[in-house]
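For reference, the structure discussed in these notes is given below.
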Amino acid sequence: MNYQAPRGTYDRLPQDSKAWEYVIRQFQSIVESYGYGEISTPMFEETELFIRSSGDTSDVVSKEMYTFTDKGDRSLTLKPEGTAGVVRAFNQHKIGAQGGIHRFWYFIPIFRYDRPQKGRCRQGHQVGLELLGSDSVYSDAEVIDITTKFYRALGIDNVTVFINSIGCENARKQYAEAILQHVATYLSTKDEEFNSKTRKNPLRLLDNKDPEIKELMKSAPKIDAYLSEHSKDRFNKLKQVLDTYGINYQVDSTLVRGLDYYNETVFEVTSDTIGAQSSLCGGGRYDNLVKQLGGPTTPSCGVAMGIERALLVMPEREYEQYNLDFFFVAATDSGMNKVIELSNKKRLKGYRCNFDLDFRNIKQQMKLAHRLNSKNVVIIGDDELTKSSVTVKNMENGDQLSISETEFLTNDVGAN
RNA sequence: GCGGGUGUAGCUCAGGGGUUAGAGCACCUCACUGUGGCUGAGGGGGCCGUGGGUUCGAUUCCCAUCAUCCGCCCCA
């Protein structure tokens, strides 16, 4: 029997990890420059948590969750998104009890039972951040600013953020009603499944790709008309602040989010180069979620960015070519002890060192050094042993020099 | 969950109802017993995804299944 990774999952091998680590490092250094701290929550939570936060009509909850019952008969779910866990931890540890603003970042796997496709896996990975405790438009702007900085750091040019305001819950209800009225005649021609799906979340019609629906939605009412004065002012202020930041954005009044907890500002960055899964990240405000999950009133916003998708659109870049600084070669058996001694001393100084565990002949050892991409080879044979010296060979240009052992250990010869 | 494409060597891919299934790259050995890459010569490697059917005979045709890719859907 040959085993393979479960459908929709993949192994990340060392050669893929350079790009991966680069992405994570960029994210981390950006969010840390804004004072965000890492939060790590369990990979699974009570199923109820996700149903309460994302909403039981969302596809994520209704058909994509990895839910299981443990031996204590608890219903648990591998997390399909990051926000719910952070908010749960925030409430559990009473972090918001004294008020104030709290900034978290995370890097997590997410699990969704869905048909695998380009940019879509059953175990995906996200980096994200949550800014809890501020209802200021400056908090929206900060999150959007970090998002654009992140993509720019990855070399993804001309990042455009699509933004929209979906207002407060009340406005959304009224607007949803208006949409339903607008499509009433059309709905009467469709089957029951489509009808019930549409009635549950009418706003999804806005970004539907069906040409017929697209045409129909052109004449549909716009959300602006249903926004409260407060929401409108807020959205206008946000646009001004984004201008101040110099952020490239575009208002898209059809932009809605699939998870129920969002309100007011929502945003997304897309790419047309990765096929159907064009969304690189999604975020927005969730002013009621903390309270809804049992905490204090805590207006908040956040964003989650898909790592797999970022990697798809990211331009190729050169990563460091060498995996080792020194590969030690023992020309004869008597050199082996010295090889171990010197490689360990160099390792303690932070150099990446290795040698042939099988101690084959010098030619084989050289080949191995080459294959392991070592910057230098250090040759230790009988000559070197009697002179207490080493021969250092630069593997790029083939230059070779003989230096004393002490000089080799104290100098940074061959380091660069 | 629905539709379409593809599964042949480690990788990229040819091929084709009939002895022993190919190429390029990679790998190993030797030329080269204290020196990798370059060159030359040689070599190892395959249940042709899996299960069933048709057939004298299937890796090739048919069905199923699994995986993978693309689209729908959904979303990151």
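Only a predicted model underlies this, so the values are computations on that prediction, with no experimental measurement involved. All values below come from the heavy atoms of this structure, side chains included, with hydrogens, waters and symmetry mates left out.
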Show your working on ring pair (Phe, Tyr, Trp, His ring centres under 6.0 Å) between A/Phe326 and A/Phe408 and close with a plain yes or no.
-> CA-CA 11 Å; A/Phe326 298 106; A/Phe408 173 66; 5.3 Å; yes
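- Rounded to the nearest Å, the gap between the C1' atom of B/rU6 and that of B/rU65 is 16 Å.
- You'll find that the side chain of A/Asp383 is closest to B/rG34, out of B/rG34, B/rC75, B/rA76.
- At whole-Å resolution of the value, CG in A/Asn397 and P in B/rG37 are 16 Å apart.
- Among the protein residues, A/Arg112 comes within range of the nucleic acid bases, having at least one heavy atom under 4.0 Å from a base atom.
- Side-chain N/O atoms of A/Gln126 and A/Tyr106 include no donor and acceptor closer than 3.5 Å.
- A donor-acceptor contact under 3.5 Å links the side chain of A/Arg309 to the base of B/rC75.
- Comparing A/Asp382 and A/Lys63 by the nucleotide of RNA chain B whose heavy atom lies nearest to each, the residue mapping closer to the 5' end is A/Asp382.
- The side chain of A/Gln364 places no N or O atom within less than 4.0 Å of a non-bridging phosphate oxygen (OP1 or OP2) of B/rG36.
- Distance CD (A/Gln4) to C1' (B/rG7): 11 Å, rounded to an integer number of Å.
- Candidate nucleotides B/rG36, B/rG34, B/rC75 were compared by shortest atom distance to the side chain of A/Lys367, and B/rG36 ranks first.
- Comparing B/rC48 with B/rU55, their P atoms sit 23 Å apart, to the nearest whole Å.
- Comparing A/Ile307 and A/Thr332 by the nucleotide of RNA chain B that holds the closest heavy atom to each, the one mapping nearer the 5' end is A/Thr332.
- The P atoms of B/rA9 and B/rG15 are separated by 15 Å, rounded to the nearest whole Å.
- A/Glu308 has its CD atom 18 Å from the P atom of B/rC75, to the nearest Å.
- Between A/Arg7 atom CZ and B/rA67 atom P the separation is 5 Å, expressed in whole Å.
- Residue contacts shown for A/Gly398 include a base, since a base heavy atom lies under 4.0 Å away.
- Within 4.0 Å (heavy atoms only), A/Met305 reaches no atom of the nucleic acid at all.
- Using a 4.0 Å heavy-atom cutoff across all strands shown, A/Ile379 reaches at least one base atom of the nucleic acid.
- Rounded to whole Å, the distance from CH2 on A/Trp105 to C1' on B/rA76 is 17 Å.
- The gap from the C1' atom of B/rC47 to that of B/rA21 amounts to 13 Å, rounded to the nearest Å.
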Candidate pair A/Asn344 and A/Arg347, rule side chain to side chain donor-acceptor pair (under 3.5 Å), full reasoning | CA-CA 5 Å; A/Asn344 274 327; A/Arg347 280 172 181 152; 3.0 Å; yes
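- When base pairs are accepted only as Watson-Crick or G-U wobble with both N-N or N-O distances under 3.5 Å, RNA chain B takes part in stems of 3 or more pairs at B:1-7 with B:66-72, B:10-13 with B:22-25, B:27-31 with B:39-43, B:49-53 with B:61-65.
- In this structure, CZ of A/Phe50 is placed 22 Å from P of B/rC74, rounded to the nearest angstrom.
- Taking the six-membered ring for Trp, A/Phe355 and A/Phe328 have ring centres at least 6.0 Å apart.
- Distance from the side chain of A/Arg115 is smallest for B/rG1 among the nucleotides B/rG1, B/rA76, B/rG36.
- Candidate nucleotides B/rG36, B/rC73, B/rU35 were compared by shortest atom distance to the side chain of A/Gln117, and B/rC73 ranks first.
- Of all nucleotides listed (B/rG71, B/rG1, B/rC28), B/rG1 comes nearest to the side chain of A/Asp114.
- Judged by distance alone, the side chain of A/Lys345 and the main-chain N or O of A/Leu409 form no donor-acceptor pair under 3.5 Å.
- Among the protein residues, A/Gly282 comes within range of the sugar-phosphate backbone only, with heavy atoms under 4.0 Å from sugar or phosphate atoms but none that close to a base.
- Taking the ring axis of A/Tyr351 as reference, the NZ or CZ atom of A/Lys346 stays within 45° of it and closer than 6.0 Å to the ring centre.
- Atom name P, nucleotides B/rC28 and B/rG37: the rounded distance is 10 Å, in whole Å.
- Note on ring orientation: taking the six-membered ring where Trp is involved, the planes of A/Phe107 and A/His125 are tilted (angle from 30° to 60°).
- In terms of polar N and O atoms assigned as donor or acceptor, the side chain of A/Lys363 never comes within less than 3.5 Å of the base of B/rU35 in a complementary pairing.
- When each of B/rC28, B/rG36, B/rC69 is scored by its nearest atom to the side-chain atoms of A/Pro116, the top-ranked nucleotide is B/rC69.
- With A/Tyr34 as the aromatic partner, A/Arg103 does not meet the cation-pi criteria of under 6.0 angstrom to the ring centre and within 45 degrees of the ring axis.
- Note on ring orientation: taking the six-membered ring where Trp is involved, the planes of A/Tyr175 and A/Tyr226 are tilted (angle from 30° to 60°).
- Summarising the geometry, atom OH belonging to A/Tyr186 is positioned 8.5 Å from atom OG1 belonging to A/Thr198; distances are rounded to the nearest 0.5 Å.
- With P as the reference atom, B/rC69 and B/rU12 are 13 Å apart, rounded to whole Å.
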Please walk me through it: do A/Glu81 and A/Tyr261 pass side chain to side chain donor-acceptor pair (under 3.5 Å)?
-> CA-CA 12 Å; A/Glu81 59 94 38; A/Tyr261 51 69; 2.6 Å; yes
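- Within 4.0 Å (heavy atoms only), A/Ala304 reaches sugar-phosphate atoms of the nucleic acid but no base atom.
- Atom-to-atom, CD of A/Gln126 to C1' of B/rC75 comes out at 9 Å; the value is rounded to the nearest Å.
- Here, B/rA58 and B/rG51 have their C1' atoms 14 Å apart, quoted to the whole Å.
- Atom CZ in A/Arg120 sits roughly 7 Å away from atom C1' in B/rC73 (whole-Å rounding).
- Only the P atoms considered, B/rG46 is 15 Å distant from B/rA23, to the nearest whole Å.
- Not a single donor-acceptor pair, N or O on each side, falls under 3.5 Å between the base of B/rG34 and the side chain of A/Gln365.
- Counting non-hydrogen atoms under 4.0 angstrom, A/Gln123 reaches nothing in the nucleic acid.
- Across all strands, A/Gly8 comes closer than 4.0 Å only to sugar-phosphate atoms, never to a base (heavy-atom distances).
- Among the nucleotides B/rU35, B/rA76, B/rC74, the one closest to the side chain of A/Gln400 is B/rU35.
- The side chain of A/Glu64 has B/rC74 as its nearest neighbour among B/rC74, B/rA76, B/rG37.
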